[in-house]
Structures are given as structure tokens and as C-alpha cells.
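One structure is given below, encoded as C-alpha cells.
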Amino acid sequence: MATAMPLRRPSAVIERLPDALERDALPVRDLERLGEAALLAGAPLQALDLHRQAERRCRFHDLDDRMPGVLLRQGLAHLVTGEWKQAELAFRRCGESTEERGHDHHTTAAGLLEQLTRGLRTGTVVSWDDPRALDVARRSVASMDDIVAVSTGWAQVESGDFAAGYATLARLLAAPARCTAALFALVPFAEAADAVNAADEARARLRQLERELGPEHAPIVSVGLAVAQAVLAGDQHGEPLYERAFAMDLSHHHFLEASLRLAHGRWLRRRREFSDSRVTLRQAAAAFAMMGAKARVTRITEELRASGESAGTVTSGAPRPAAAGGLLSAQELRIATLAGRGLSNRQIGAEFGLSPRTIGSYLYRVFPRLGVTTRAQLATVLRNEPVG
């Protein structure tokens with residue numbers, strides 16, 4: 001039941017997920033199923049934890065036959081959360097792991113998903129005209145048809161064909177119970193609607209979706225709805241919707257946070273708040289660059305030029321070092337500064353009473369905002385920042 005439609009009762013699914021000690025006694029197959037349930041319940045990090053534990057178990061016990069399926073589901077978790085670079089890598093690893101084992105269905109599914117992911121990253125619509133291969137891929141991923149359909153509509157948006165993307169995603173979102181995967185594409189749906197002047201129609205569709213889903217739905221869908229509503233707000237009524245979206249817990253939804261910053265930067269530019277617009281757009285560009293979303297970085301480059309960004313800095317997506325303190329909360333700034341000075345996550349956590357993993361989550365959010373990828377770069381960007 002949980003893996004059939006857990007989006008309807010996400011809290012019940014998440015509460016039933018086993019803790020670390022309980023997972024140690026579970027077979028790989030159960031870890032895989034729990035990972036799928038966690039993903040559909042809107043808990044992508046827990047899903048990845050479960051699939052990675054399954055991968056470690058496979059390696060330790062030489063369960064080579066199970067490895068392709070585990071890697072495939074890791075890739076799906078990354079795909080849903082917008083971590084497209086990681087998704088493409090997982091699908092490639094899955095394909096490589098099946099070459100010597102004769103798992104044609106996993107090989108075919110991994111190849112198709114890798115192509116779809118690359119299409120999302122680069123804004124290229126993938127044509128898949130081989131029905132026999134698609135039928136083989138369904139043996140690995142039962143929802144493959146939905147994934148292909150949603151990815152096609154999303155790639156149309158990434159390519160700049162907003163009319164086609166809007167038509168495709170609007171059709172899929174008209175029946176979310178039959179295509180659950182479409183609920184993960186609310187933001188590109190809103191972006192396309194805004195581009196083709198269909199905001200009123202799209203807002204009505206989102207209100208209907210909220211009624212259909214009821215008061216309780218997956219966190220990733222709740223955040224997606226809030227971001228989509230902000231995208232569609234228009235110039236006059238955007239401020240409260242952006243405030244609402246930014247007030248949500250975005251720490252586990254990096255793609256949605258970056259998309260929100262992209263939309264907010266565009267909104268600020270239209271209000272002629274060019275300086276704030278450039279800072280916000282650079283934050284979005286840095287985050288998308290780390291995720292491998294090349295088409296989105298290109299889109300932001302055009303927005304930065306429109307907001308007055310100079311040609312020498314428009315492609316980096318990195319904020320100016322002098323502005324770094326204004327991009328982070330006080331605690332984020334202190335954590336980033338200590339990390340730049342060489343302290344480990346465990347040492348920093350001891351300073352704040354937080355776990356090393358929580359510190360890692362902070363840094364994961366901070367890096368794209370500052371346009372850096374290493375702690376050494378943090379040290380350079382924050383060299384003159386005091387530790388409070």
C-alpha cells in the first residue's frame with residue numbers, strides 16, 4: 001500500500017520508516033522498497049540513505065544481481081529532487097554494472113533514464129521511438145511511461161519551448177492520480193504558464209490540485225506548490241507569496257530553492273531592483289551549476305545581462321566576496337567561516353550542539369549561494385568575515 005500511493009499519507013509513511021539500527025536487520029529488497037516509499041512520501045534524503053545502505057550491503061555481501069536495481073533507484077531519487085548530475089551518474093553506473101550480467105531490462109531502463117536526465121540538464125527533448133525497448137524498461141521501472149511523459153514536458157520547458165511544455169504538463173496534471181510523477185513538475189509547469197500568459201489558468205489548476213490532494217500531502221509537493229504559486233504571482237501580488245515560499249524549510253529541496261531564487265530574481269528585475277536581482281540570480285545560477293542544470297544556468301545568464309550584469313561576471317553565477325555576509329544567516333555564516341578555516345563537520349557540530357550530518361546539510365546549502373565547491377574556496381570568499 002505504501003508504495004502504491006504514499007503521497008496521500010506522507011506522514012504515516014515517514015513515521016514508519018525504520019531507524020538506523022532497525023535497517024541493519026533488513027534484507028536488501030526491503031531497503032529498496034522502503035526507499036521507494038520514502039521518495040514518494042516526499043523524503044528524498046531518507047530515500048537516498050536507504051538506497052545507499054542497500055548498495056553498501058550489496059557490496060559487502062557480493063550481491064551483484066541486486067546492485068543494478070539499487071543504483072537505478074538511487075538515480076530516480078536524485079532525478080526527482082533535481083540533482084540531475086548525480087542522477088545521470090547513478091544511471092550510468094547502473095548501465096555499467098549490468099553489462100556483464102545480462103540484465104537487459106536494467107540496461108535499457110538505465111540508458112533511457114540517462115538520456116532523459118541529460119535532456120533535462122541541457123534543454124534537449126529526447127525522442128524515444130522504440131516501443132519494444134520501452135516495454136523492456138518497464139520491467140525495471142513500472143512507472144516508466146509516466147517518467148518519460150513528465151520528463152518530455154519538463155525538457156520542453158528547459159529548451160525554451162514553453163507552449164509545448166505547458167500543454168504537456170497541463171495535460172498530465174489534469175489527472176494526478178493517474179500520473180503521480182507530474183506532481184514533481186509543478187515548478188516547470190508554472191514557469192511555462194507564466195511564459196505563455198496562462199497564469200490565471202495555471203493558478204486555477206494548482207488550487208484544484210490542492211483540493212484533490214487534501215490537507216496532507218508530501219513535503220516536496222507542498223514546497224513545489226508554494227514555489228509554483230510564487231512564480232505565477234505577477235508583479236503586483238508577488239511579495240507575500242515569495243515571503244511564504246522562502247519561509248518554508250527548503251534545506252532538503254535544493255532544486256526548488258534555486259528555482260524560487262530564479263523566479264524572485266526575475267520579479268525583482270521587473271520591479272527595477274537591479275542590485276538585489278543580480279545577487280538573487282547569481283545565487284540561483286551557482287546552485288543550478290552544481291546540480292548540472294546547464295540550460296537553467298544559460299537562462300539565468302540572459303536574466304543577469306538584462307539586469308545589468310557585466311559581461312566579465314555574468315557566466316560564473318558566483319556572488320561577490322564582499323556580499324557573502326549578506327547572503328547567509330548569522331549561523332550559516334559562522335558555520336561556513338569555521339569550515340573555511342579547516343574545522344571538520346564534527347568539530348563545528350560540537351561548537352553548535354549539532355550533528356556532523358546537520359553541519360554537512362548547512363554547508364550543502366551554503367556552497368551554491370557563495371558560488372564555491374570546496375572548503376578552500378570558502379576560506380578565500382570569507383577571509384575577511386568575522387566569526388560571531
Side-chain angles (χ1 to χ4, degrees), residues 42 81-82 157 162 166 169 183-207 209-210 213 217-288 291 293 296-297 299-304 306-309 317 319 323-333 365-366 368-371:
T81 56
V157 176
F162 296 110
Y166 177 70
L169 294 176
L183 293 174
F184 298 117
L186 296 174
V187 170
F189 165 72
E191 292 170 336
D194 182 59
V196 299
N197 298 315
D200 289 342
E201 179 181 286
R203 280 193 290 266
R205 175 67 276 196
L206 293 182
R207 288 193 294 270
L209 270 176
E210 288 189 287
L213 292 171
H217 37 269
I220 194 170
V221 176
S222 296
V223 175
L225 281 167
V227 175
Q229 288 161 350
V231 170
L232 293 168
D235 294 344
Q236 300 300 317
H237 309 291
E239 189 165 359
L241 291 174
Y242 280 110
E243 289 179 354
R244 171 178 169 244
F246 277 117
M248 301 184 79
D249 181 5
L250 302 171
S251 60
H252 297 161
H253 307 292
H254 307 296
F255 183 91
L256 294 176
E257 180 179 10
S259 297
L260 180 60
R261 294 188 185 281
L262 168 57
H264 191 226
R266 297 181 69 241
W267 182 76
L268 289 168
R269 179 180 63 78
R270 291 195 299 268
R271 289 165 59 94
R272 304 189 68 79
E273 299 178 33
F274 296 121
S275 179
D276 289 343
S277 171
R278 287 193 292 270
V279 169
T280 303
L281 289 170
R282 285 196 297 268
Q283 292 171 354
F288 283 132
M291 294 178 223
R296 291 200 163 233
V297 173
R299 192 193 310 179
I300 295 172
T301 297
E302 297 169 357
E303 290 288 340
L304 282 167
S307 67
E309 184 84 333
L327 302 179
L328 309 177
S329 69
Q331 180 151 302
E332 287 171 337
L333 179 58
R365 296 169 62 191
V366 164
R369 291 187 195 174
L370 299 183

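All of these numbers come straight from a predicted model, not from anything done at the bench. Nothing fancy with the numbering, it's 1 onward along the sequence.
Side-chain contact between Arg282 and Leu304 is present, with at least one heavy-atom pair separated by less than 4.5 Å. Looking at heavy atoms from C-beta onward, Leu186 lies out of side-chain contact with Val227 at the 4.5 angstrom threshold. Side-chain atoms of Arg272 and Phe274, non-hydrogen and from C-beta on, do get closer than 4.5 Å to each other. Side chains of Val223 and Leu260 form no contact here, defined as non-hydrogen atoms less than 4.5 Å apart.
Nearest heavy atoms, Phe162 versus Val157: CE2-O, 3.6 Å. Between Ala263 and Val231, the shortest heavy-atom distance links the atoms CB-CG2, 3.7 Å. In terms of heavy atoms, Leu241 sits closest to Ala233 at CD1-CB, 3.5 Å. Closest non-hydrogen pair, Ala228 versus Leu206, comes out as CB-CD1, 3.8 Å.
Rounding to the nearest 0.5 Å gives a distance of 11.5 Å between CZ of Arg271 and OG of Ser277. In this structure, Leu281 CG and Asp276 CG are separated by 10.5 Å, a value rounded to the nearest 0.5 Å. Separation of atoms CG (Leu225) and CE (Met248) is listed at 8.5 Å; rounding is to 0.5 Å. To the nearest 0.5 angstrom, Met291 atom CE is 7.5 Å from His254 atom NE2.
Scanning for ring pair (Phe, Tyr, Trp, His ring centres under 6.0 Å) contacts around Phe246 gives His264, with sequence neighbours left out. Partners of Ala185 under the side chain to side chain contact (heavy atoms under 4.5 Å, CB included) rule, at least two apart in sequence or in another chain, are Val150, Trp154, Leu169, Pro188. Under the rule for a side chain to side chain contact (heavy atoms under 4.5 Å, CB included), the partners of Ala202 that lie at least two apart in sequence or sit in another chain are Tyr166, Phe189, Ala193, Leu232.
Sorted by first and then second residue, the pairs that involve residues 251-260 and meet salt bridge (charged side-chain N to carboxylate O under 4.0 Å, His left out), not counting sequence neighbours, are Glu257-Arg261, Glu257-Arg369. Note on residues 191-201: pairs passing salt bridge (charged side-chain N to carboxylate O under 4.0 Å, His left out), not counting sequence neighbours, are Glu191-Arg296, Glu191-Arg299, Asp194-Arg266, Asp200-Arg203. Among residues at least two apart or in separate chains, there is no salt bridge (charged side-chain N to carboxylate O under 4.0 Å, His left out) pair with a member in residues 236-252.
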Inset, instruction - Could you give me the CA-CA distance, side-chain angles and deciding distance for Leu183 and Leu209, then say whether side-chain contact (heavy atoms from CB on, under 4.5 Å) is met? - result: CA-CA 9 Å; Leu183 293 174; Leu209 270 176; 4.0 Å; yes
